[in-house]
Number of protein chains: 4
Amino acid sequence: MSENNEIQTGYFPTIPKQARALEKRQALLKSGNILFAEKGYENTTAKEIASHAGVATGTFYRYFSDKRQLLLSLLKDKLESMMPPEPNWLNVDPESSLAILLKAHFERLDKLGLYRVLPELLHRDEELAEVLFEAKRKIYMQILKGLEQVKENGFAWEDLSLETLSWSIIALVEKIPEIQNESGSNPDYDQIAKIICRLVFPPEKMIQLKNLKREE
Amino acid sequence: MSENNEIQTGYFPTIPKQARALEKRQALLKSGNILFAEKGYENTTAKEIASHAGVATGTFYRYFSDKRQLLLSLLKDKLESMMPPEPNWLNVDPESSLAILLKAHFERLDKLGLYRVLPELLHRDEELAEVLFEAKRKIYMQILKGLEQVKENGFAWEDLSLETLSWSIIALVEKIPEIQNESGSNPDYDQIAKIICRLVFPPEKMIQLKNLKREE
Amino acid sequence: MSENNEIQTGYFPTIPKQARALEKRQALLKSGNILFAEKGYENTTAKEIASHAGVATGTFYRYFSDKRQLLLSLLKDKLESMMPPEPNWLNVDPESSLAILLKAHFERLDKLGLYRVLPELLHRDEELAEVLFEAKRKIYMQILKGLEQVKENGFAWEDLSLETLSWSIIALVEKIPEIQNESGSNPDYDQIAKIICRLVFPPEKMIQLKNLKREE
Amino acid sequence: MSENNEIQTGYFPTIPKQARALEKRQALLKSGNILFAEKGYENTTAKEIASHAGVATGTFYRYFSDKRQLLLSLLKDKLESMMPPEPNWLNVDPESSLAILLKAHFERLDKLGLYRVLPELLHRDEELAEVLFEAKRKIYMQILKGLEQVKENGFAWEDLSLETLSWSIIALVEKIPEIQNESGSNPDYDQIAKIICRLVFPPEKMIQLKNLKREE
DNA sequence: AATGAATGAGAGTTCATTCAT
DNA sequence: CATGAATGAACTCTCATTCAT
């Protein structure tokens with residue numbers, strides 16, 4: 001009897017069930033992503049997300065314990081994409097390589113759109129703040145390590161604290177998305193990269209670096 | 001006899017009715033400020049604000065047409081305090097004068113606490129976004145004008161776009177409050193000032209500036 | 001100087017105080033009347049009535065224990081005007097004298113406007129219903145008595161119950177105001193009077209009556 | 001196999017989901033009807049209606065956008081039952097056939113109870129007034145047409161305007177429910193029918209009519 | 001598992017009535 | 001007495017979440 005049942009309901013051996021489920025989960029995540037980015041977290045209802053994903057309201061709660069959890073899942077899924085890439089400072093042309101990096105990063109991020117809801121929630125959701133803080137810390141450490149290498153190699157300003165410097169770089173990078181919101185025009189990644197490099201390298205070191213690397 | 005009159009009508013030296021009303025209004029604004037900063041805009045109810053201010057729910061609606069209007073009033077009241085001061089770049093010691101300026105500004109701002117809710121609302125409230133955008137534009141123009149003077153006097157980097165530079169300075173300054181939220185420690189205003197100055201002045205110009213100003 | 005003051009404020013000896021009070025009461029009643037007729041009872045606030053009458057909200061409650069009481073006072077004041085007049089049936093020309101009576105009555109009533117709120121309240125306010133019911137009963141008895149005289153004098157239909165007849169006359173008269181609301185045009189009082197007389201008198205009795213009365 | 005299916009899917013003979021929903025809708029309408037009739041429209045809250053219907057507050061708003069919409073639905077559902085039937089005037093015994101018609105109509109209407117709230121709302125809700133006005137106009141036209149036939153056949157009073165006559169009949173009929181409210185006793189439909197017939201037919205025409213119809 | 005109707009706590013708002021000035 | 005600010009109960013409506021089918 002149980003075999004019968006299995007045959008009836010589970011005609012395709014095993015994967016489909018899970019595959020279906022995963023598809024729905026993905027659809028919900030995607031819909032949440034889109035709607036949160038469009039209308040903000042509080043202004044998006046669970047019903048809307050479900051309906052946008054083409055499932056029933058109740059189904060939402062089979063996959064996520066609540067609306068908040070969907071957001072956290074979204075973040076965990078996407079956090080990597082939101083991480084800025086680690087720049088390779090000691091390079092023939094750090095300015096233009098940084099510009100390229102930034103451009104690529106923000107074009108990905110822009111499609112994601114998720115960063116728009118984060119400010120809305122940071123003050124209210126400690127766990128979320130924690131998760132993001134951890135991510136940020138990771139970025140910070142990464143940049144700091146990179147800068148330490150630069151300094152060890154003698155290419156950095158002598159008198160700038162690497163900690164504040166790392167923080168400044170992150171601050172600048174994080175503010176880039178606002179340029180679009182506020183001015184409507186696209187950010188000038190070349191100029192921003194140049195500014196960041198100015199903070200990292202004294203001008204004469206830049207020249208040194210170019211020559212050095214070209215020789216290698 | 002006229003004394004009688006004065007005694008009768010003017011017994012309390014301060015205008016009682018209007019003063020009371022203003023006090024209540026202020027209390028509501030203050031409570032809104034505190035609660036918005038603590039728990040975010042959406043998570044704070046009109047009832048809570050009223051009760052925190054020690055008045056009844058209905059009283060809230062005598063002074064403000066709704067929660068949103070209280071926030072807008074708060075902003076209009078406080079926008080000036082939120083404006084960063086205009087730095088005087090051409091100065092004997094721009095770094096330390098900037099550091100002092102920043103410290104004073106953020107200590108004021110910190111008491112205000114209002115900036116925490118703004119990101120939450122920018123995407124949802126066009127009028128609010130407008131008000132803030134206008135304020136920001138003003139700051140931007142102020143800084144840009146200052147930098148143009150620096151450049152005209154030949155003290156700026158030759159190859160940095162003043163527009164991107166202005167934007168970067170604002171970006172850095174705006175991010176300062178997050179340092180406290182995230183690291184718990186106080187910002188190192190000296191270092192930040194140094195970094196900003198590095199973006200404005202090439203090192204040799206800094207020295208020139210110091211000598212020049214000292215001679216005056 | 002102080003004398004001046006006293007003269008200014010306390011010039012009229014005693015009546016004015018009471019007169020003032022009555023004036024205010026009247027103003028409130030009038031404003032209530034106007035606003036109730038315009039917007040209905042529930043849709044009119046005590047504040048509005050007070051402000052329309054040019055007094056403060058609190059003053060309203062010095063003159064009336066509550067909104068409902070103002071309405072009851074209004075009714076008691078105006079109930080007489082709302083009473084339809086007693087027709088004199090045994091008359092040379094009952095049709096035209098009735099028509100004149102009805103016209104005069106409804107032109108007064110129309111200025112009053114109060115009847116518009118009554119239906120709104122009859123089901124909710126037992127005391128009000130009582131008051132109005134009593135008034136109506138009085139009208140009913142009056143009409144019934146009139147009809148009995150007509151019958152005693154042998155001028156009425158033999159086969160109509162005077163009770164139902166009285167009720168029918170009241171019903172018709174009470175419905176007259178709706179003509180204006182619904183059709184926009186003015187009621188044809190001559191026709192209505194003719195119809196009512198048709199219910200009271202058989203045609204041959206009408207002729208008898210005319211002759212009889214002319215002879216007198 | 002088909003048996004299996006039937007057992008699985010068609011266990012309950014009646015469409016379960018839609019039927020349930022309709023039941024709830026009906027329950028809400030009924031509760032609204034009862035409560036409006038009992039306590040008036042403004043004095044009945046959406047919560048009360050829901051609770052009286054045995055559902056939660058929110059459920060109310062699944063079926064009706066608001067209280068007003070429930071009332072409009074009620075009216076649209078019930079308007080037909082509220083329409084008085086078209087009397088057949090040219091009849092052996094118009095008086096008793098009219099009496100029977102009226103009795104049947106008001107016994108239906110009494111169960112409905114809805115007419116009690118209408119006066120409360122007519123002054124405030126234009127759409128509602130429109131709907132009711134249209135219904136009334138229909139009744140009016142119906143009666144007018146019937147009377148015109150009577151007149152064409154030479155059975156009506158010569159000197160009464162059919163328009164005012166139609167209006168008077170409606171007025172009388174509409175007032176019938178108030179008899180119960182006010183006197184507590186049941187209306188005497190025979191007498192009312194007699195009165196209405198007296199307005200339509202002169203006495204000699206009544207006799208003619210009886211003879212004529214009996215011969216046919 | 002999926003569905004979507006049902007739930008009910010709670011947000012925003014109004015207004016009759018009170019009360020300090 | 002007059003004032004009008006203050007009160008808070010009560011109302012309408014929303015939406016995250018549950019649950020019967």
Side-chain angles (χ1 to χ4, degrees), chain A residues 9-10 17-18 20-21 24 42-51 54-70, chain B residues 9 11-12 16-18 20-21 23-25 42-51 53-68, chain C residues 17-18 20-21 24 42-51 54-70, chain D residues 9 11-12 16-18 20-21 23-25 42-51 53-68:
Chain A
T9 58
K17 232 188 260 178
Q18 291 210 2
R20 281 273 173 96
K24 288 207 173 144
E42 291 282 355
N43 277 2
T44 304
T45 70
K47 203 175 184 176
E48 280 173 317
I49 297 172
S51 135
V55 301
T57 321
T59 307
F60 181 101
Y61 288 89
R62 180 159 298 281
Y63 292 100
F64 303 96
S65 67
D66 57 38
K67 205 170 74 163
R68 185 178 157 278
Q69 215 236 4
L70 183 141
Chain B
T9 58
Y11 192 67
F12 293 104
K17 224 180 271 179
Q18 289 214 4
R20 275 279 174 103
E23 259 172 47
K24 289 239 157 100
R25 209 191 118 92
E42 291 282 356
N43 270 11
T44 303
T45 70
K47 232 168 188 158
E48 280 174 316
I49 296 172
S51 132
V55 300
T57 322
T59 306
F60 182 98
Y61 290 93
R62 169 169 296 281
Y63 292 101
F64 303 98
S65 65
D66 55 28
K67 208 172 62 165
R68 186 177 161 279
Chain C
K17 232 187 255 176
Q18 290 211 3
R20 280 274 173 96
K24 285 203 176 148
E42 291 283 353
N43 276 3
T44 303
T45 69
K47 205 177 183 174
E48 280 174 316
I49 297 171
S51 134
V55 301
T57 321
T59 307
F60 181 102
Y61 288 89
R62 179 158 299 280
Y63 293 99
F64 302 97
S65 67
D66 55 40
K67 204 171 74 164
R68 184 179 157 278
Q69 215 238 3
L70 183 141
Chain D
T9 60
Y11 192 67
F12 293 104
K17 223 181 272 178
Q18 289 214 4
R20 275 279 173 103
E23 261 172 46
K24 289 240 157 103
R25 209 191 117 92
E42 292 281 357
N43 268 11
T44 305
T45 71
K47 223 172 191 158
E48 281 173 316
I49 297 173
S51 133
V55 302
T57 321
T59 307
F60 181 99
Y61 290 92
R62 168 169 296 282
Y63 292 101
F64 303 98
S65 65
D66 54 26
K67 207 171 64 165
R68 185 177 161 280

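So that the names make sense, note that chain A is the first sequence line, chain B the second, and so on, each numbered from 1.
- Here the closest non-hydrogen pair linking D/Ala50 and D/Ala56 is CB-O, 3.6 Å.
- For residues 59-70 of chain C, proximity to DNA chain E is found at C/Tyr61, C/Asp66, C/Lys67, defined as any non-hydrogen atom under 4.0 angstrom from a strand atom.
- Remark: B/Arg68 pairs with B/Asp125, B/Glu127 by the salt bridge (Lys or Arg N to Asp or Glu O under 4.0 Å) rule, at least two apart or across chains.
- The side chain of A/Lys24 lies closest to E/dA2, out of E/dA2, F/dT17, E/dT17.
- Remark: C/Tyr61 engages no residue in a ring-ring contact (aromatic ring centres under 6.0 Å, His included) (not counting sequence neighbours).
- Every residue was checked against the salt bridge (Lys or Arg N to Asp or Glu O under 4.0 Å) condition with D/Glu23, not counting sequence neighbours, and none meets it.
- Base engagement by D/Thr57 is indicated by at least one non-hydrogen atom pair under 4.0 Å involving a base atom.
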Revision key, fill the gap. Symbol by symbol from the 5' end, with Watson-Crick or G-U pairs under 3.5 Å, [ ] crossing and | another strand, DNA chain E is .||||||||||||||||||||
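- Place C/Val55 and A/Ala46 on DNA chain F by their nearest nucleotides, and C/Val55 ends up nearer the 5' end.
- When each of B/Gly54 and C/Gly58 is assigned the nucleotide of DNA chain F bearing its nearest heavy atom, the one mapping closer to the 5' terminus is C/Gly58.
- Remark: the backbone N or O of D/Thr44 is paired with a side-chain donor or acceptor of D/Lys67 at under 3.5 angstrom.
- At whole-Å resolution of the value, CD in A/Glu48 and C1' in F/dT17 are 16 Å apart.
- For D/Asn43 and F/dT12, the CG to C1' distance is 15 Å, given to the nearest whole Å.
- Checked against side chain to side chain donor-acceptor pair (under 3.5 Å), A/Glu48 has the following partners two or more places apart in sequence or in another chain: A/Lys39, A/Thr45.
- When all heavy atoms are compared, the tightest approach of D/Phe60 to D/Asp66 is CE2-C, 3.8 Å.
- Distance C/Lys47 NZ to F/dA6 P: 11 Å, rounded to the nearest Å.
- The ring-ring contact (aromatic ring centres under 6.0 Å, His included) search around B/Tyr63 returns none, not counting sequence neighbours.
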